[in-house]
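Only a predicted model underlies this, so the values are computations on that prediction, with no experimental measurement involved.
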Amino acid sequence: MIVRELNNIKEIKQLNKSVEVDTVVTDFYACDLLSFLMGHATQEGTCLITAITNMNVIAIASLLEYSVIIFVEDMTPSEEVIMKAESLNIPLFKTTLSSLKIYKEILDYESQI
Amino acid sequence: MNRLYDFTINPNDLSQAGIASSFIKNILKKLNVNREIIRRVAIATYEAEINVVIHSYGGKCNFIITDNSLNVTFIDYGPGIISIEEAMLEGTSTASKYAIENGFGAGMGLPNMQKASDHFSITSSKEGTVISMLFKLGGDLNDC
């Protein structure tokens, strides 16, 4: 999947539109414990699905070169966090759905194409 | 090539955490170090930086890059770790409410550092904790 294809899923909304979205998503990982992420979700290109919206999520996504972050449960990062992600070229999306439900939507989308 | 760098790390300011580890990562990228090695360095140094921020009264990070290795040292000014043996176990954490609310406190910090580095050492007393990590960078590095 390419990051931009997330825009084809109606439950997902992109938060920062001036970033690069041609990156390939190599893996999906849903987690709200950041140290756990550092130990387990180490693949470049990972799509992180999380309810944590602070600056540290952006720092980790940048350090580990994640392709995209999807914030779940209607959690919205601050403008400062969005701007930081934009400066690091990290696409941010959000959804009102839970981690499991949005991942199911992504799987359904992928099975249709 | 021998380069020594020094960073101050302030306590209880998670928004600034990651500055030292990002700096190290960017230097290694400029030196064309293998991406997987950079990834391990990023994990270990970010975890160490976060630990200084959330557990200590403040500290610093020194690192030196030689032709084929990176030596990073994190030094904080206390209060120290009561039991290093317990702290090295996955899932053991003494993180504050502030740290937990920000997604930390899974008790993975020290184990992640040990796994990600080629050599890891830690000493601790009430005066502070010192963590040293060595990473083999492999081959001759390009100048930056």
Side-chain angles (χ1 to χ4, degrees), chain A residues 20 23-27 29-67 69-73 75-90 92 94 98-99, chain B residues 9 12-29 34-55 87-95 98-117:
Chain A
E20 178 70 46
T23 318
V24 175
V25 176
T26 58
D27 198 7
Y29 203 93
C31 186
D32 300 324
L33 290 171
L34 301 187
S35 281
F36 205 83
L37 266 184
M38 297 293 281
H40 294 84
T42 59
Q43 187 170 319
E44 182 180 340
T46 292
C47 167
L48 171 62
I49 302 172
T50 186
I52 301 284
T53 57
N54 62 24
M55 201 62 91
N56 304 107
V57 175
I58 306 300
I60 291 172
S62 170
L63 284 168
L64 296 179
E65 301 187 1
Y66 292 168
S67 57
I69 303 170
I70 303 173
F71 298 109
V72 297
E73 309 277 9
M75 295 295 286
T76 307
S78 67
E79 199 57 36
E80 187 187 6
V81 168
I82 294 173
M83 298 280 281
K84 182 67 178 177
E86 198 143 311
S87 73
L88 294 168
N89 204 28
I90 300 168
L92 304 181
K94 70 169 283 186
S98 67
S99 298
Chain B
I9 305 171
N12 297 315
D13 186 3
L14 279 169
S15 67
Q16 294 298 308
I19 291 176
S21 36
S22 293
F23 186 82
I24 295 170
K25 180 190 170 189
N26 287 335
I27 288 179
L28 297 184
K29 278 178 88 168
N34 176 281
R35 295 172 78 94
E36 275 313 301
I37 295 172
I38 294 178
R39 191 171 305 280
R40 288 196 290 111
V41 171
I43 291 167
T45 54
Y46 187 72
E47 289 283 18
E49 201 174 348
I50 285 289
N51 267 12
V52 175
V53 172
I54 67 177
H55 289 296
M88 290 304 298
L89 297 173
E90 290 188 6
T92 304
S93 176
T94 57
Y98 166 68
I100 292 167
E101 284 172 352
N102 280 280
F104 296 100
M108 299 292 290
L110 292 175
N112 281 350
M113 287 177 229
Q114 187 173 40
K115 277 184 200 166
S117 57

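Both the backbone and the side chain of A:Asn56 have a heavy atom closer than 4.5 Å to some heavy atom of chain B. When heavy atoms are compared at a cutoff of 4.5 Å, A:Ile52 approaches chain B solely by way of its side chain, counted from C-beta outward. In this structure, the portion of B:Lys25 lying under 4.5 Å from any heavy atom of chain A is its side chain and not its backbone. For chain A, no part of B:Arg40 is nearby; none of its heavy atoms comes within less than 4.5 Å. Contact annotation for A:Glu44: both backbone and side-chain heavy atoms come within less than 4.5 Å of a heavy atom of chain B. For a residue to count as touching a neighbouring chain, one of its non-hydrogen atoms must lie under 4.5 Å from one of that chain's; by this rule B:Ile50 touches chain A with the side chain only.
The minimum heavy-atom distance between B:Phe104 and A:Ser35, with the atom names listed, is CD2-OG, 4.1 Å. When all heavy atoms of A:Gln43 and B:Arg39 are compared, the closest pair comes out as C-NH1, 4.1 Å. Here the shortest heavy-atom pairing between B:Ala17 and A:Ala59 reads O-CB, 4.4 Å. In this structure, A:Met38 and B:Ala42 approach most closely via the heavy-atom pair CE-O, 4.0 Å.
Taking CG of B:Asn102 as the reference point, atom CG of A:Leu34 lies at 8.0 Å (rounded to 0.5 Å). Within the model, atoms OG of B:Ser93 and CG of A:Leu33 stand 10.0 Å from one another, a figure rounded to the nearest 0.5 Å. Within the model, atoms CD1 of B:Ile38 and CG of A:Leu64 stand 12.0 Å from one another, a figure rounded to the nearest 0.5 Å. Between the CD1 atom in A:Ile60 and the OG atom in B:Ser21 there is a gap of 9.5 Å [rounded to 0.5 Å].
The most heavy-atom pairs under 4.5 Å with chain A, out of B:Lys115, B:Gln16, B:Arg35, come from B:Arg35.
At a threshold of 4.5 Å between non-hydrogen side-chain atoms, the residues A:Thr42 and B:Ile43 count as touching.
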